[in-house]
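See below for the structure under consideration.
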Amino acid sequence: VVYTLADGDTTLYAQWKQVHIITYDANSDYISPKTVEDTHDAGDTNKYQLNPNAFQYEGYKLISWIDDSDNSGNTVYGPADLIVITSDLNIHAKWVREITFHANNGIDPEATDKQTIPVSSTEALKLNGFTNNGKTFVGWSTQPVDTTIKYVDGESVAITGDNTKDVDVNLYAQWGNTCTIHFDHD
């Protein structure tokens, strides 16, 4: 702001305002920047909506913000919860990898099932629940017409938060023909 002062002495006074800072922590080594800050007027009793888009993390979904100011990690906010800010707040993102399983069959080729696995955990992939008219499920691939099986049914996968290493977000059921062999023991 530019002020034009009249001739003579003029006294200026600083005007201070107390603010509270919300620090969003990405909680990942694969996101830059690692923190984002928002500033809010202290004493504002209006509810403030947390920023669900503070970070972009391709292949992962923000499921909550965790406030660990009391070192318990028990205070959890939804990604866009409305809260009253009464002091500075440090919150950490909690991410999951959302995997979509595609039936990739002749019965209902558009059918899907989903599974979310938290970052920094290991879990078994869901067991296949699809069928395909007399064919046998042989595993999961990363493309609809790919015969290379990348994961077997129920395989345990570690979600590290590294998009280049974690399980693919789209898995397609691969089917093999079923045949019956009869043995004649004569």
Side-chain angles (χ1 to χ4, degrees), residues 1-5 10-102 110-127 129 140 142 150-151 154-172:
V1 177
V2 175
Y3 294 100
T4 303
L5 301 177
T10 302
T11 303
L12 300 175
Y13 297 94
Q15 298 294 309
W16 299 98
K17 175 170 57 170
Q18 184 178 2
V19 296
H20 295 304
I21 298 171
I22 298 177
T23 303
Y24 297 91
D25 182 329
N27 201 20
S28 172
D29 293 334
Y30 302 99
I31 298 175
S32 182
K34 293 197 180 301
T35 60
V36 173
E37 290 184 347
D38 282 343
T39 304
H40 302 281
D41 293 344
D44 183 358
T45 58
N46 294 321
K47 289 190 174 184
Y48 168 75
Q49 183 175 19
L50 294 175
N51 185 351
N53 300 311
F55 303 100
Q56 299 301 312
Y57 195 9
E58 186 180 343
Y60 301 87
K61 179 180 178 182
L62 176 69
I63 59 165
S64 64
W65 294 108
I66 300 170
D67 174 6
D68 66 356
S69 59
D70 63 359
N71 293 321
S72 70
N74 291 331
T75 305
V76 178
Y77 303 108
D81 275 1
L82 295 171
I83 64 172
V84 175
I85 308 298
T86 58
S87 63
D88 289 350
L89 180 63
N90 294 309
I91 53 180
H92 306 271
K94 180 167 173 104
W95 302 98
V96 295
R97 182 78 159 179
E98 187 172 72
I99 303 160
T100 301
F101 298 91
H102 299 268
E110 301 303 315
T112 60
D113 195 5
K114 293 194 182 286
Q115 178 179 6
T116 57
I117 301 175
V119 170
S120 300
S121 68
T122 300
E123 287 187 19
L125 292 174
K126 274 187 170 184
L127 295 176
W140 301 104
T142 58
K150 189 155 184 186
Y151 304 100
E155 183 172 335
S156 186
V157 294
I159 303 299
T160 64
D162 181 347
N163 198 24
T164 64
K165 295 180 182 171
D166 284 343
V167 63
D168 294 279
V169 293
N170 287 293
L171 297 179
Y172 298 86

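Source: prediction; values computed, not measured.
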Can you list everything that forms a side-chain contact (heavy atoms from CB on, under 4.5 Å) with Ser120? Sequence neighbours excluded, please.
none
side-chain hydrogen bond (donor to acceptor under 3.5 Å, both in side chains) contacts touching residues 49-58 (sequence neighbours left out)
Ser28-Tyr57
Please report the closest heavy-atom contact between Leu50 and Pro52, naming both atoms and the distance.
O-CD, 3.0 Å
Sequence-distant partners of Lys47, side-chain hydrogen bond (donor to acceptor under 3.5 Å, both in side chains), two or more places apart:
none
Given the rule in the side-chain contact (heavy atoms from CB on, under 4.5 Å) test, do Asp41 and Val19 qualify, once you have shown the distances and angles that lead to the verdict?
CA-CA 4 Å; Asp41 293 344; Val19 296; 4.3 Å; yes
Can you list the residues that meet the side-chain contact (heavy atoms from CB on, under 4.5 Å) rule with Thr142, with sequence neighbours excluded?
Asp146, Lys150, Asp168, Leu171
To the nearest 0.5 Å, atom CG of Leu127 lies from atom CG of Asp113 at 10.5 Å
Excluding sequence neighbours, so at least two apart, what forms ring-ring contact (aromatic ring centres under 6.0 Å, His included) with His102?
Tyr172
Looking at side-chain heavy atoms only, is the closest gap between Ile21 and Asp38 below 4.5 Å?
no
Pairs touching residues 115-125 that satisfy salt bridge (charged side-chain N to carboxylate O under 4.0 Å, His left out), sequence neighbours left out
none
Could you check whether Asp25 and His92, counting side-chain N and O atoms only, form a donor-acceptor pair closer than 3.5 Å?
yes
Note, Ile159 side chain near Trp95 side chain (heavy atom, < 4.5 Å)
no
Is there a side-chain contact between Ile91 and Tyr77 in this structure, where contact means two heavy atoms from C-beta onward sitting under 4.5 Å apart?
yes
Asp166 and Tyr60: CA distance, side-chain angles, deciding distance, side chain to side chain donor-acceptor pair (under 3.5 Å) verdict:
CA-CA 10 Å; Asp166 284 343; Tyr60 301 87; 2.5 Å; yes
Could you check if a side-chain atom of Ile22 sits within less than 4.5 angstrom of a side-chain atom of Glu37, using non-hydrogen atoms only?
no
Would you sort out whether Glu98 and Val169 count as a side-chain contact (heavy atoms from CB on, under 4.5 Å), showing the intermediate values?
CA-CA 6 Å; Glu98 187 172 72; Val169 293; over 6 Å; no
Does the side chain of Asn90 reach to within under 4.5 Å of the side chain of Tyr24, using non-hydrogen atoms?
no
The criterion is ring-ring contact (aromatic ring centres under 6.0 Å, His included); which residues satisfy it with Phe101, sequence neighbours excluded?
Trp140
Quick check: closest heavy atoms across Pro33 and Ala26, and the distance to 0.1 Å?
O-CB, 4.3 Å
Looking only at heavy atoms, the pair that brings Ser156 and Thr122 closest together is OG-CG2, 3.2 Å
Set of residues satisfying side-chain contact (heavy atoms from CB on, under 4.5 Å) with respect to Asp162, sequence neighbours excluded
Tyr30, Thr160, Thr164, Lys165
Between CD1 of Ile85 and OG1 of Thr39, what distance do you get to the nearest 0.5 Å?
11.0 Å
For Tyr48, ring-ring contact (aromatic ring centres under 6.0 Å, His included) partners two or more places apart:
His40
Going by ring-ring contact (aromatic ring centres under 6.0 Å, His included), name the residues that satisfy it together with Tyr151, two or more places apart in sequence or in a different chain.
none
Closest non-hydrogen contact found for Ala54 with Trp65 is CB-CH2, 4.0 Å
Applying side-chain contact (heavy atoms from CB on, under 4.5 Å), name anything that partners Gln18, two or more places apart in sequence or on another chain.
His20, Ala42
Stepwise side chain to side chain donor-acceptor pair (under 3.5 Å) test for Lys94 and Ser64
CA-CA 5 Å; Lys94 180 167 173 104; Ser64 64; over 6 Å; no
Applying side-chain contact (heavy atoms from CB on, under 4.5 Å), run through Ile117 and Ile99 and close with a yes or a no.
CA-CA 8 Å; Ile117 301 175; Ile99 303 160; 3.8 Å; yes
Lys61: what forms a side-chain hydrogen bond (donor to acceptor under 3.5 Å, both in side chains) with it, not counting sequence neighbours?
none
Does Arg97 use its side chain to pair, donor to acceptor, with the backbone of Val167 at less than 3.5 Å?
yes
